[in-house]
Structure formats: C-alpha cells, structure tokens
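Counting from 1, the numbers follow the sequence of the chain as shown. Each ligand, and each atom within it, is numbered from 1 in the order the structure gives. Values in this document were obtained by computation on a predicted structure and should not be read as measured data.
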Amino acid sequence: MIKKILKKVNSDGAFSLVKQVSAQVLESQEKYNSYITLTLDRASKRAQEIDSLLNAGKNPGPLAGIPVALKDNLLYSGEKMTCGSKILENYFSPYTGTAVEKLEEAGAIVIGKTNMDEFAMGSSGETSYFGPTKNPLHPDRVPGGSSSGSAAAVASGDVPIALGSDTGGSVRQPASFCGVCGLRPTYGRISRYGLSALASSIDQIGVLASSVEDTALVYSLISGHDPKDSTSLNEKGYELSDSIEEGVKGLKIGIPKEYMGETLHSEIRERILEISNKLVSAGAEVKEISLPSLEQALATYYIIAPAEISSNLARYDGVRYGFRAPEAQTLEEMYIESRTQGFGPEVKRRILLGTSILSSGNYESYYLKALKVRSMIKKEFEKIFSSIDLIFSPTTPTPPFKFGEVKDPMEMSMADSYTIPSSLAGLPAMSVPVGSIEKNLPVGAQLIGGTFSEPTIFRCARFMEKIYES
Ligand code: GLN
C-alpha cells in the first residue's frame, strides 16, 4: 500500500493526496468516529513542504507524503492528547514523542489523533469518553481496543499505517477485529518517549498497517535506541531486509494447546488448523506445544497492570494536568471531585483495584506473587523458544462482537487472553489477517517469537497474508 501511495505522491504531489484523504477522513469520521482530533490543516501545510522538497529534486524520506494516524495517547506537539478521557479533554502536547518524530522525519504526514478506550483500558473502544468507534467492516460491531480508532483508520483505508499502543493486546486485538496487521515489538525496541503511561513495565508502542510489508517498513523506521527513554534497548533496532519473502521452509512452529481450548470459536479453530496444514505443505515443522502457565497469565496481568495504573494515574490530580472540578472548595475536595468527574468507570475500577493490591497486607499476597508468576511465564517462553522459532495461535478467541454484547469486565478481559501472556514476557508478537469466517467476520492469526525475532515473525506473517490476499 505504501509503495502505491508513494507513486501517487510522486505523480500528483502530496498536497493533492492530502486533499483527497481529508475528504475521506471527514466522511469516515461521520461514519465510524475513528478520531478525537483531526490535524488536516497542519497536514496540508506539511504536504506543501514535502512537495517543495520533491520539486527541488530532494528526497523527503521513505514515507514522503504518506498519511498516518496516531493513537490519542501519543504526544504530538501543539495538538490535544486526551487519552480518550474527560480528565485530559483540554490537554495540549508540549512536545512530540520519539516514534512520531521519526515518522515525520521519514516524510509521513499526521492527519489526526485516533479514538481509544479511556487511558487504553478496554478491548472494544466502548470506554472512550468521546464515544465508541465503529468497526468499518461491520459498523454494528466493535473494532476492538484499546487502539480502536487506529485500527479503524487503517481498515477504512484512510491511512495505510497508524500507531497504537499495546499493553495487554491493544494493537493486536483491534487489528484482528478490523482485518489489518498489528505488531507489538520486543519490549524496549520502540522508544516510549511521548507515550502516556498505562502499565509501564508492559506498555509498548505498536504499528497497525494494511500489509506485512508496510508494518516491517514502518517498524524499521521507528525502532532503535533512544536516550530519552530509560527502558529503550541499547541496540540499533529492526533492520529492513528482503527475508520477509523467504517463506516458511525449515521454520519450527508450535501451537499451544492451551490456546485451542473450548472457549475458542470453532470456525477460528478450523482456520488455524487450515493454516497449519499450509505451513506444513510449505516445509515448516508444526507441532502442538504446551505452556501451562498461560492459564495464570490473565490473572497475573490483572494484578500487575492495575497496580501500575493506580500509581501512573495518580498524577491526574486536578493541579498539574487537565480537568479541575470548578466547584471544589478545599484542596481535598478538588482532588476528589476532579478525579471523580474526570475519570470514567473502567479507569476508576482499575485505580481502586490497583490501590487495594498495593496496600500493605495485600502487596505480598497479590503483587509480589504476581511478579513471581510473571517470571515463571517468562521462563516458560524462554524454554520453549530454545526448541522452536515461533508460536502460532489465534489472536482472539472470538470474532468481533456487537456493541453492548459484552458487559461483564471479566468476560471482556477474555478478548485479550491470547495476547496478554507474550506481553508479560516482553516478547514481540503480531496479528495478521487470515480471511473471514461466518457472516464475513475477520479473523486474525497471532505469531509470537523470542526476543528480537521480528524478522522471523514478518517472514511467517507474509506467508499467511499471501494465502488470504484477495
Ligand atoms: N484490554 C486490555 C486492558 O484493558 C489491554 C489494554 C492495552 O493493551 N492497552 O487492560
């Protein structure tokens, strides 16, 4: 897709493209509510700059004129960053984060900030203060979350790429629900400078894109060490190569039996087995594996994440950022009222849970225990990756559901049950669209690899993408 758009920019210019994209974006905003803020005027100005460079025979970069969208928890200097919350409704970004800066340096043009579950807590887009985003493939269904608008913006064809964030699955799960690609990198490979924190030991910026090739290109441009992020790995980052077309011959791939259990939608199971046969025919070795601690991953995540959330969100106190309750008389009232009115129910639930988990008495029995289970999960993954190259599974146990269909938070958390384990282990993982099932609902396949295994993930993802490419 990017290659096609680059050709268009070269022939017609970036300004004309942005004009066209702007018209489409306004229309899709009406239909799907994918954005919280549109930056179309700024985009037009950027396009003119890019055109001047092109006209002067200069190269504005590998993404010259490519329209991109940013999840609204990423800072983009001078524009609002709401995190989908009332508490930050009028908060303006003081600077641009590293990943976004790198995209702009490569010539990309930001067209807007996308809708999301409030503070990235949710799996359906329904917790956004700015109303839910609709799934462009099935507007009566959710697009997944929390990077709901980013996935919808790519699925509706507004942009070929968008940035999201993935803590427990918020890039891969909406990618799967919207029929696009979604990559979560090895922990520390994309700088988080300029990403609003949810659960810092798990958060990663990820890429949503319309193809594996585009995902790999964007990843190569935004990954790599950043001195501004202390958790950024001290290495060069992913380097683009032709290996994504090499096929799967010789790859050792494991399907965890824990992911193929009874809660899995039967047609998704069939799809995974169908792909597995194709992998074998193409020369890969596919076997069933077992990762027993996967069963504990969801519970572990829902202890560690809320603990970090309650601490990270303590900064929204009505003083330094965003919303302040106007009627508060005393300092205490101001704290209480600003937070009570500023946060939505899901955010409050997690803050309460996290505060309770971290309180003395509970800390040892819940938080410390969860940390121990987390290292067990990590070890189990490490062990398995000493004998196989990739883990292959569905991205989600069900296809996209209808609005309001999943009300119970416990049931909602199941949407991330296949994505959370690798998140806890800090491993790279990707969701690739693999066609659709009943009622034309999209299916995503997930590939998980060991640390720095993104080249192998892309290779296998490209193989799968080709099977279902129409
Ligand atoms: N849906 C999960 C949650 O609500 C994951 C969120 C995320 O990855 N940001 O915590």
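The ring-ring contact (aromatic ring centres under 6.0 Å, His included) search around Phe130 returns none, not counting sequence neighbours.
Residues of the protein with a heavy atom under 4.0 Å from ligand 1 are Ala120, Met121, Gly122, Ser123, Ser146, Asp166, Thr167, Gly168, Gly169, Ser170, Leu198, Tyr301, Tyr302, Arg350, Asp416, listed by chain and number.
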* Steps toward ring pair (Phe, Tyr, Trp, His ring centres under 6.0 Å) verdict (Tyr193, Tyr95) -> CA-CA 10 Å; Tyr193 183 68; Tyr95 60 89; 4.8 Å; yes

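Inspection of the Asp226 and Thr98 side chains reveals an N or O donor paired with an N or O acceptor under 3.5 Å. Using modelled atom types and a 3.5 Å distance limit, the side chains of Thr231 and Arg192 yield a donor-acceptor pair.
For Glu405, the CD atom is densely surrounded, since the number of other residues' heavy atoms within 6.0 Å is greater than 12.
Salt bridge present: Arg350 and Glu346 bring a charged side-chain N and a carboxylate O closer than 4.0 Å.
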